[in-house]
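Working notes, beginning with the structure itself.
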Amino acid sequence: MDPIGKFEDSQANDELGQAVGFLRSKCPGFQPRVGIILGSGLGDLAESIHSVASIPYREIPGFPVAHVSGHAGRLIMGRLAGTEVVALQGRCHFYEGWHGAQASLPVRTLLGLGIELLILSNASGGVNPRFHSGQIVLIDSHIDGMFRTGLSSRAVGSAPNVVGRHRVSYDRQWIDRAQRTALKLGFSLPTGTYWATLGPNYETRAEYRMFRNLGADMVGMSTVPEANIAFEHQVDVLAFSIVTNVANSDIASVTDHADVLNWSARAKLQLLPLVQELLLEYFQSDL
Ligand code: HPA
């Protein structure tokens with residue numbers, strides 16, 4: 001298959017229908033309210049979900065199977081802090097060569113299941129020198145440096161007809177809620193602009209410097225396509241970026257995937273209680 005060619009809409013919609021239908025048949029009557037995509041090193045947050053079903057991606061029709069270590073490749077439906085959630089334990093990345101329709105099927109499936117909020121997480125390099133390794137930052141804007149066409153849901157079926165009319169922004173209300181909840185838990189959550197590259201390589205010092213000068217605070221290889229598709233569907237997005245290495249554009253240093261996983265694992269100790277508290281406060285209080 002042409003790796004970056006376009007799928008026919010009908011084919012993409014058929015695949016979406018099959019994935020959503022398959023998951024509904026596995027959990028009849030289960031209606032997730034929140035979708036969660038767990039990035040590098042964050043997958044085992046899913047262990048805190050009281051699982052109703054845990055399904056390897058390879059069993060879900062059309063799902064791409066992630067190849068990157070730190071990405072387990074399972075979809076979990078269950079309850080977190082009493083709220084019905086569907087979580088993706090690991091994502092595939094465009095640098096693995098997936099076609100836009102394949103790579104975006106997981107997020108389109110979460111949206112197709114009718115979630116009200118999409119929580120995204122990733123590991124990133126900090127280009128803002130005020131950040132430190134292990135810090136959690138809320139993404140409040142992004143720069144799409146993937147330079148790939150065909151990654152919107154318009155290009156892969158199932159798109160609402162909102163060309164140029166949907167908002168392209170992370171939900172302000174959820175950012176405020178997350179910041180207030182973090183303070184209650186004893187830490188502060190800065191906001192930042194995330195630059196998405198296609199990857200898979202980390203950056204040269206000159207690239208880190210350029211990203212900083214062009215307005216980015218973090219750089220990573222995911223999240224933006226998922227956020228854009230959720231924006232098109234008018235679903236609120238709350239995105240957490242774990243800074244796993246801070247770029248010093250003047251001193252040579254090596255970014256290593258093991259460090260990335262290590263720092264994400266530490267940040268999880270703050271991220272999990274934060275997400276649980278948010279769900280308790282904003283989904284359980286409306287019961
Ligand atoms: N660059 C891109 N992606 C990343 C980095 C980085 O420095 N760290 C973790 N993910």
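Both ligands and their constituent atoms are indexed starting at 1 by order of listing. All figures in this text were calculated on a predicted structure; none of them were measured in a lab.
Applying the 4.0 Å criterion to heavy atoms of A123 picks out, from ligand 1, the atoms 9 (C), 10 (N). Using a 4.0 Å cut-off to heavy atoms of N245, the atoms of ligand 1 that qualify are 5 (C), 6 (C), 7 (O), 8 (N), 9 (C). Within the listing of ligand 1, atoms 2 (C), 3 (N) sit less than 4.0 angstrom from a heavy atom of M221. Within ligand 1, the atoms closer than 4.0 Å to a non-hydrogen atom of E203 are 1 (N), 2 (C), 6 (C), 7 (O), numbered from 1 in the order shown. The atoms of ligand 1 that sit less than 4.0 Å from any heavy atom of G220 are 2 (C), 3 (N). Close contacts of ligand 1 with T244, meaning ligand atoms under 4.0 Å from a residue heavy atom, involve 8 (N), 9 (C). Taking every non-hydrogen atom of G125 and a distance limit under 4.0 Å, the qualifying atoms of ligand 1 come out as 4 (C), 5 (C), 6 (C), 7 (O), 8 (N), 9 (C). Close approach to Y208 involves these atoms of ligand 1, each under 4.0 Å from a residue heavy atom: 1 (N), 6 (C), 7 (O).
Residue pairs satisfying the salt bridge (Lys or Arg N to Asp or Glu O under 4.0 Å) criterion with at least one member in residues 182-195, sequence neighbours excluded, are listed as follows: K184-E277, K184-E281.
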Between side-chain atoms of residues 216-227 and protein atoms elsewhere (two or more places apart, or another chain), which donor-acceptor pairs fall under 3.5 Å?
from : atom 1 : to   : atom 2 : distance (Å)
D217 : OD1    : N128 : ND2    : 2.9
D217 : OD1    : R212 : NH1    : 3.3
D217 : OD2    : T193 : N      : 2.8
S222 : OG     : R91  : NH1    : 3.3
T223 : OG1    : N122 : ND2    : 2.8
E226 : OE1    : R91  : NE     : 3.4
E226 : OE1    : R91  : NH2    : 2.8
E226 : OE2    : R91  : NE     : 2.9

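Below 30°, between 30° and 60°, or above 60°: for F283 and W174 the angle between ring planes is below 30°, a parallel geometry.
Checking side-chain atoms of H93 against main-chain N and O of Y95 turns up no donor-acceptor pair under 3.5 Å. Using modelled atom types, no side-chain atom of E84 and backbone atom of Q31 make a donor-acceptor pair closer than 3.5 Å.
With hydrogens left out, the protein atom closest to atom 4 (C) of ligand 1 is Y202 CE2, 3.5 Å, a heavy atom.
Contact detail for P32 and V85: the closest heavy-atom pair is CB-C, 3.9 Å.
The shortest side-chain heavy-atom distance between I37 and L110 falls under the 4.5 Å cut-off.
Contacts of A247 with ligand 1, taken as heavy-atom pairs under 4.0 Å, are absent altogether.
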